[in-house]
2 protein chains.
Amino acid sequence: MPDRLPQKLRSDAKDNRDRILDAARALFSADGLDVPMREIARRAGVGPATLYRRFPTKQTLVAEAFADQLHACRAIVDEGCADADPWRGLCLVIEKICELHARDRGFTEAFLSAFPGAPDVAGREYTLKAVAGLARRAKDAGRLRSDFVLDDLILILMANKGIHTRSTDAQVMASRRFAGLAIQALEACPHHAPLPPAARLATGAPAGA
Amino acid sequence: MPDRLPQKLRSDAKDNRDRILDAARALFSADGLDVPMREIARRAGVGPATLYRRFPTKQTLVAEAFADQLHACRAIVDEGCADADPWRGLCLVIEKICELHARDRGFTEAFLSAFPGAPDVAGREYTLKAVAGLARRAKDAGRLRSDFVLDDLILILMANKGIHTRSTDAQVMASRRFAGLAIQALEACPHHAPLPPAARLATGAPAGA
DNA sequence: CGGTAACCGGACGCCCCCGTCCACTTGGGT
DNA sequence: ACCCAAGTGGACGGGGGCGTCCGGTTACCG
């Protein structure tokens, strides 16, 4: 559905298209979203015109390039929601998503409204709703702190994005530790102090949990 | 000491210099470090040449512009260290520094080695050492979790940097909540799960706490 | 008050990115 | 084998940032 109806493309055109997507994925992952379009074209071994013809705007390219990750993301959430223990499911979601983001810098930017008002990339809203449900259950089970709010998750994801290291390995490791800390922060604890008030974040997400 | 020996500058030159620094501070705070030099010059009402003559490289300008914040930073740490209760002191440091960073986007970038190998900006090492001591005491007091590592603090600061919102107010609010969560994560708790291993961060800080 | 060195800012050349146009090439149907 | 529309990449003009040079201006000292 993010895919344009696969109009009959000539075989060579299809090839080029694929190579462009590969190049884009590689570069976005490594360097973030603001690689020059030129660079992507060069890496794919095509001219700029070809790139622009196939993907008129960078947003199109980004959306297409990250379709996989978005599905992975949704799969993770689904998996977490399926877990019998909602708290364990939520932890799983946090860990996995943080790792996913750690491995792919561009995806993080794309995911976190780097493109303001992106056309609800592959059911972001739906996914958020699912997580909200999961959180609800985790709260009812008494494992998730009661003053948790869905925006806290966004906050954590944004924060995770702020972590930068030299190598991808270090990045993943740091992200893992961060996720651990985040989970610790969210877990209900008899003597925990109340949190400062939640701030409305820029995302279109509803704030209730 | 980051200051060039204040060679006798002609009065007008001094004026311009000051106006440049003001402009730089304002722009860096609002938009981060990658404002064009041109923009700063324009805002200061001077030509590009003047700017470049006074601050040959952007790094020079940044260092000079953030001298205040760096002192504030150090003051915060000192204040925290002076607190009789080391845990309370540490919390204070986290809260205040997160807020400081939330209010000044450029400073965060400058602070977190945005310029790799910046010449130990105003005793960064010293400050880190002080915090390490504070953490040590907080641990001994049994309030800080025993598997805390100084790099965790860097991690939290980096993470805090990842948080972006539309307005400064929202930013501060979000940062406050984040700091609250971070503190929660760091507090010793009888039944908390062990954390994933700490990753060595890019900073030159020693990893032990 | 006058001279000089310090100082100024506009203008220049360089490089990189963007998005588009167009003359050539090539896939694939007949 | 032929043809032509779909497809291609090089080239172009525009815009913006960078760092530097230079002819005019101005503070300060005697």
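Chain letters run A, B, ... following the sequence lines, proteins first and then strands; every chain starts at 1.
Every ring-ring contact (aromatic ring centres under 6.0 Å, His included) that Phe107(A) has, sequence neighbours left out, goes to Phe66(A), His101(A), Phe111(A). Partners of Asp147(A) by salt bridge (Lys or Arg N to Asp or Glu O under 4.0 Å), not counting sequence neighbours, listed by chain and number: Arg145(A). Partners of Arg105(A) according to the salt bridge (Lys or Arg N to Asp or Glu O under 4.0 Å) rule, which considers only residues two or more places apart in sequence or in another chain, do not exist here. The salt bridge (Lys or Arg N to Asp or Glu O under 4.0 Å) test applied to Arg54(B) returns no partner, not counting sequence neighbours. Partners of Arg25(A) according to the side-chain contact (heavy atoms from CB on, under 4.5 Å) rule, which considers only residues two or more places apart in sequence or in another chain, are Leu21(A), Asp22(A), Ala65(A), Asp68(A).
Between dG19(D), dC17(C), dG9(D), one nucleotide has an atom nearer to the side chain of Met37(B) than all others, and that is dG19(D).
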Write out a two-atom table: protein N or O, nucleotide N or O from nucleotides 11-13 of chain D, distance below 3.5 Å.
none

Distances under 3.5 Å between protein N/O atoms and the N/O atoms of nucleotides 28-30 of chain C, please, pair by pair.
residue	atom	partner	partner atom	Å
dG28(C)	OP1	Ser11(A)	N	3.0
dG28(C)	OP1	Ser11(A)	OG	3.2
dG28(C)	OP2	Ser11(A)	OG	3.3

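The distance from atom OH of Tyr52(A) to atom C1' of dT8(D) is 16 Å, rounded to the nearest whole Å. Atom CD1 in Ile40(B) sits about 13 Å away from atom C1' in dC18(D), given to the nearest Å. In this structure, Lys8(A) atom NZ and dG7(D) atom P are separated by 12 Å, rounded to whole Å. Distance, Arg54(A) CZ to dT20(C) P: 15 Å, rounded to whole Å. Atom CZ of Arg53(A) and atom P of dC22(C) are 14 Å apart (whole Å). The nearest whole Å value for the distance from the CZ atom in Arg19(B) to the C1' atom in dC8(C) is 11 Å. Separating the CG atom of Leu51(A) from the P atom of dG10(D) is a distance of 14 Å, rounded to the nearest angstrom. The distance between atom CG of Leu27(B) and atom P of dG17(D), rounded to the nearest whole Å, is 12 Å.
Screening residues 30-39 of chain B for side-chain hydrogen bond (donor to acceptor under 3.5 Å, both in side chains), with sequence neighbours left out, gives Glu39(B)-Arg42(B).
OP1 or OP2 of dC8(C) sits under 4.0 Å from a side-chain N or O of Asn16(B). Considering only side-chain N and O atoms, Arg42(A) lies nowhere under 4.0 angstrom from the phosphate OP1 or OP2 of dG9(D).
Distance alone, capped at 3.5 Å, places no donor-acceptor pair between the Gln171(A) side chain and the Arg166(A) backbone.
The existence of a salt bridge linking Asp15(B) and Arg19(B) is excluded, since no basic side-chain nitrogen approaches an acidic carboxylate oxygen closer than 4.0 Å.
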Side chains of residues 43-52 of chain A: which donor-acceptor partners sit under 3.5 Å, not counting sequence neighbours?
none

